[in-house]
There are 2 protein chains.
Amino acid sequence: MGVEEKAQAMSPQTTSKERLRLWLRMLRVTRQVEAELREKLRVQFDSTLPRFDVLAALYRHAEGLKMNELSRQLMVSNGNVTGIVNRLVEDGYIDRIAIEGDRRATRVCLTELGRAAFAEMAEAHEAWVSELFDGVTEKDAHHMGELLHRLPAEPGAER
Amino acid sequence: MGVEEKAQAMSPQTTSKERLRLWLRMLRVTRQVEAELREKLRVQFDSTLPRFDVLAALYRHAEGLKMNELSRQLMVSNGNVTGIVNRLVEDGYIDRIAIEGDRRATRVCLTELGRAAFAEMAEAHEAWVSELFDGVTEKDAHHMGELLHRLPAEPGAER
DNA sequence: CAAAAATACTTCAAGCTTAAAATTTCAAGC
DNA sequence: GCTTGAAATTTTAAGCTTGAAGTATTTTTG
């Protein structure tokens, strides 16, 4: 019945094409999910994905993060973080705090306002994702997580 | 031996958290792969991912595409495509061609130069992806493709 | 300790991205 | 045929993103 009952060994060319197809599919899905999350964040909270990402990172680190660490965690450039942080500071969501003994660096911390705002957004965000991933069972999620381990940027990937 | 031998039913809260974790992991991997591809495209071809995407779409449609269709295929806004196309036209990679009987629309086509340039990039691109997806077997790719079908932006996903 | 290198960060120029407004052209309805 | 509305595209303003250059500070090293 199935198209490929036997696990027939494939040529390297076929493997390569197959992997490319998988990548394009991953990219497509990721973009679509991102687009929907961005839209909801915009409409319901007048916010953006990058801002959400920064707030999320700071929420997980109550003691704050250096610009440096923030940039590494989010996998975006240093200069990029500067801009987003500037705007969040203007809005009163985060503070820049001087670091004792190193005048080059600053620590960035959520304000009370920022913490409260994020908590609200995070709850909605989790619900949105869960809804978008409606067709994904526990088992699927687990299996897919395993597969993702074989790709770059995952702990355990041999790169 | 396994941590979860039994497929124990989980609470909705757990499901939600599990899906969120999966999404974050997907996002992380996708960003990492994109970053590596962008870097290679930049260094080896002095190009960018968006440009590559536009060329790829046009390569698959020798007869050309309307701005409209291009924007839908790439899942980016109309105005966005205008900018990228402008730059590609300046570089002589693509042409804007008037459409018979509708002076609003234009058809965008690869030039010979563009076609040749893309062919070269596409070959390298496929090899890069295959290398990044080194740990992914045929079976994995197939299975993961199935799982992705349950997510938005995939034909077959019930949305 | 002074010079050189490394670190933390910001600024800059260019390009990408979006949503919304504006423009031009076409299609329908009256 | 005029007008109204729809369609295709571009423009605009704001924000995101990068890589590279610039600034300030700290650390290393000769």
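We name chains A, B, ... by the order of the sequence lines, and we start the count at 1 in each one. Both backbone and side-chain heavy atoms feed into the values below; hydrogens, waters and symmetry mates do not.
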Asker: Which parts of residues 48-74 of chain B get close to DNA chain D, meaning a heavy atom less than 4.0 angstrom away?
Answerer: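 Output list: B/K66, B/M67, B/N68.
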
Asker: For nucleotides 26-29 of chain C, which of its nitrogen or oxygen atoms have a protein nitrogen or oxygen under 3.5 Å away, and what is each distance?
Answerer:
{"unit_1": "C/dC26", "atom_1": "OP1", "unit_2": "B/R103", "atom_2": "N", "d": "2.7"}
{"unit_1": "C/dC26", "atom_1": "OP2", "unit_2": "B/R103", "atom_2": "NH2", "d": "3.1"}

Asker: Counting only heavy atoms and a strict 4.0 angstrom limit, can you tell me which residues of residues 78-86 of chain A come near DNA chain C?
Answerer: A/N78, A/G79, A/T82

Asker: Between CG of B/L24 and CG of A/L148, what distance do you get to the nearest 0.5 Å?
Answerer: 11.5 Å

Asker: Can you tell me which residue pairs pass the salt bridge (charged side-chain N to carboxylate O under 4.0 Å, His left out) test with a partner in residues 71-92 of chain B, sequence neighbours excluded?
Answerer: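 Counting only pairs at least two positions apart or across chains, the salt bridge (charged side-chain N to carboxylate O under 4.0 Å, His left out) contacts touching residues 71-92 of chain B are B/R51-B/D91.
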
Asker: Paired with C/dC30 by Watson-Crick or G-U wobble geometry, both distances under 3.5 Å: which nucleotide is it?
Answerer: D/dG1

Asker: CE of B/M75 versus P of C/dC16: gap in Å, rounded?
Answerer: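 Computing the B/M75:CE to C/dC16:P distance gives 18 Å.
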
Asker: Rounded to the nearest 0.5 Å, what separation is found between the OG1 atom of B/T106 and the CG atom of B/L65?
Answerer: 11.5 Å

Asker: Only one of A/K40, A/R38, A/Q32 passes side chain to side chain donor-acceptor pair (under 3.5 Å) with A/E36; say which it is.
Answerer: A/Q32

Asker: Salt bridge (charged side-chain N to carboxylate O under 4.0 Å, His left out): which pairs involve residues 98-116 of chain A, sequence neighbours left out?
Answerer: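 Residue pairs passing salt bridge (charged side-chain N to carboxylate O under 4.0 Å, His left out), neighbours aside: A/D102-A/R104.
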
Asker: If the condition is salt bridge (charged side-chain N to carboxylate O under 4.0 Å, His left out), which residues does A/E120 pass it with, not counting sequence neighbours?
Answerer: none

Asker: Which residues pass the ring-ring contact (aromatic ring centres under 6.0 Å, His included) test with B/F45, not counting sequence neighbours?
Answerer: none

Asker: Can you work out whether A/A105 or B/R87 has the more 5'-proximal nearest nucleotide on DNA chain C?
Answerer: A/A105

Asker: Taking only residues two or more places apart in sequence or in another chain, which ones pass salt bridge (charged side-chain N to carboxylate O under 4.0 Å, His left out) with B/E126?
Answerer: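 B/E126 satisfies salt bridge (charged side-chain N to carboxylate O under 4.0 Å, His left out) with A/K17 once adjacent residues are dropped.
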
Asker: With heavy atoms under 4.0 Å as the rule, sort B/R96 into base, sugar-phosphate or nothing.
Answerer: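 Sugar-phosphate only.
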
Asker: How would you list, by chain and number, every residue that makes a salt bridge (charged side-chain N to carboxylate O under 4.0 Å, His left out) with A/R31, sequence neighbours excluded?
Answerer: B/E34, B/D53

Asker: Please identify each residue that fulfils ring-ring contact (aromatic ring centres under 6.0 Å, His included) with A/Y93, with sequence neighbours left out.
Answerer: none

Asker: Do A/Q73 and A/H61 pair up side chain to side chain, a donor and an acceptor below 3.5 Å, judged on atom types alone?
Answerer: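 A/Q73 vs A/H61: donor-acceptor pair found between side chains.
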
Asker: Name all residues meeting the salt bridge (charged side-chain N to carboxylate O under 4.0 Å, His left out) criterion together with B/E39; count only those two or more places apart in sequence or in a different chain, and write none if there are none.
Answerer: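 Here the qualifying residues are B/R42.
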
Asker: Tell me: CD1 of A/I99 to P of C/dC9, nearest whole Å?
Answerer: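 Going from A/I99 (CD1) to C/dC9 (P), I get 6 Å.
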
Asker: Under 4.0 angstrom, heavy atoms only, what part of the nucleic acid is A/E34 near: base, sugar-phosphate, or nothing?
Answerer: nothing

Asker: Would you mind reading off the distance between A/L41 atom CG and C/dT18 atom P, rounded to a whole angstrom?
Answerer: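 About 15 Å, once rounded to whole Å.
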
Asker: Reading DNA chain D 5' to 3', which nucleotide is the first, and which the last, to come under 4.0 Å of any heavy atom in chain A?
Answerer: D/dG15 to D/dT26

Asker: A/R31 near the nucleic acid: base, sugar-phosphate alone, or nothing, with a heavy-atom cut-off under 4.0 Å?
Answerer: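 Nothing: the residue A/R31, judged by heavy atoms under 4.0 Å, touches no strand.
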
Asker: What is the distance from atom NE2 of B/H142 to atom CZ of A/R21, rounded to the nearest 0.5 Å?
Answerer: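 Separation between the atoms: 10.0 Å.
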
